[in-house]
Amino acid sequence: MLFPGSWRDMILCVQGTYPLVSEEKLRRRPVEGLAVNVSELVMQPLSVTSFQEQTAPPLVMPKLESNSPQTRDPEEDLLCIARTFSFLRESGWYWGSITANEAKQQLQKRPEGTFLVRDSAHPSYLFTLSVKTNRGPTNVRIEYADSKFQLDSNCLSKPRVLAFPDVVSLIQHYVLSCTVESKSDAPYPSPMPLPPPQKEMIAWAVHLKLIRPLSRKDIAPSLQHLCRLQINRCTGKTDQLPLPKRMKDYLKQYPFQL
């Protein structure tokens with residue numbers, strides 16, 4: 001219903017790009033109320049093409065980055081851990097699932113540098129190194145990641161800690177390092193003065209030396225294994241020895257000096 005005198009408050013909206021209706025296209029009629037007559041040009045329908053949507057660009061799949069992390073094969077980890085267990089059982093100084101207190105009792109009266117390897121009680125680790133230090137027995141967890149073993153350490157020194165394909169190789173490296181260090185007669189250079197915080201840390205630090213493994217008393221090494229150790233200590237090129245293939249294969253089953 002239209003009321004006289006109210007047409008000025010009305011707004012006419014036209015769909016499309018055409019402007020609002022001009023004044024000359026509006027005229028009054030002396031009829032009941034007030035009506036608006038829009039020209040035929042304004043009321044003509046717009047072209048269909050103006051309402052057509054633009055063609056969407058073809059969908060391009062994102063390219064995978066070349067440096068994306070690759071999934072690891074679980075079989076590789078299983079083979080690495082199984083090989084490590086085999087080496088440890090052959091060593092004679094792997095004590096299995098003994099507790100930290102039992103390892104402490106075994107090392108308490110031993111000389112400094114005596115060590116053994118046992119299963120770790122922590123669910124995130126496989127093995128633990130128990131060693132007798134100048135302050136008594138202590139324990140160091142052995143970390144496993146990406147088919148490598150290394151001694152557990154803090155975040156700052158972790159990038160400098162060496163990693164090895166098995167636990168026996170790890171232990172042998174530190175044993176040989178301690179042996180070379182003890183045999184060296186060269187005097188050490190005088191240390192640089194350290195700030196008080198680092199001096200305090202060094203005062204509380206424990207010097208870890210690995211010298212001799214503690215073999216289990218209930219598992220005596222065989223004469224063949226003792227001979228194998230002696231051969232490995234003399235040469236690392238067992239393939240070039242004038243031995244039968246069966247003996248060479250036996251040497252390869254445990255290519256260590258401990």
Response to the item:
Looking only at heavy atoms, the pair that brings Ser97 and Asp119 closest together is N-OD2, 3.4 Å
Item to complete: State whether Arg216 and Asp218 are salt-bridged, where the test is any N-O pair (Lys NZ or Arg NE/NH1/NH2 against Asp/Glu carboxylate O) under 4.0 Å.
Response: yes
Worksheet, complete the sentence: Partner of Trp93 under ring-ring contact (aromatic ring centres under 6.0 Å, His included), picked from Phe115, Phe256, Phe87, is Phe115
Worksheet item: Tell me, do Thr238 and Lys248 make a side-chain contact under 4.5 Å, heavy atoms counted?
Response: no
Worksheet item: So do the side chains of Ile142 and Leu126 get within less than 4.5 Å of each other, counting heavy atoms only?
Response: no
Item to complete: Apply the side chain to side chain contact (heavy atoms under 4.5 Å, CB included) test between Ser120 and each candidate in Phe127, Tyr125, Tyr144; give the one that qualifies.
Response: Tyr125
Practice prompt. Please report the shortest heavy-atom distance between Thr138 and Thr133, naming the atom on each side.
Written response: CG2-CG2, 3.5 Å
Practice prompt. Please confirm whether the backbone N or O of Lys148 pairs with a side-chain atom of Asp146, one donor and one acceptor, at under 3.5 Å?
Written response: no
Worksheet item: So, does Tyr254 use its side chain to make a donor-acceptor pair with the main chain of Leu258 at under 3.5 Å?
Response: yes
Worksheet item: Side chain of Ser86, backbone of Arg83: donor and acceptor closer than 3.5 Å?
Response: no
Worksheet item: Is there side-chain contact between Arg228 and Glu90, with at least one heavy-atom pair below 4.5 Å?
Response: yes
Worksheet item: What pair of heavy atoms forms the shortest contact from Leu107 to Lys132, and how long is it?
Response: O-CD, 3.5 Å
Worksheet item: How close do Leu241 and Leu251 get, heavy atom to heavy atom, and via which atoms?
Response: CD1-CD1, 4.5 Å
Fill in: Closest heavy-atom pair and its distance - Cys80, Ser147
SG-O, 3.7 Å
Item to complete: Over all heavy atoms of both residues, which pair between Leu129 and Leu116 is shortest? Give the atoms and the distance, please.
Response: CD1-O, 3.5 Å
Discussion item. Quick check: do Gln257 and Leu176 have side-chain heavy atoms less than 4.5 Å from each other?
Written reply: yes
Discussion item. Between Asn139 and Arg118, is there a side-chain heavy-atom distance shorter than 4.5 Å?
Written reply: yes
Discussion item. Just checking Phe164 against Phe149, ring centres under 6.0 Å apart?
Written reply: no
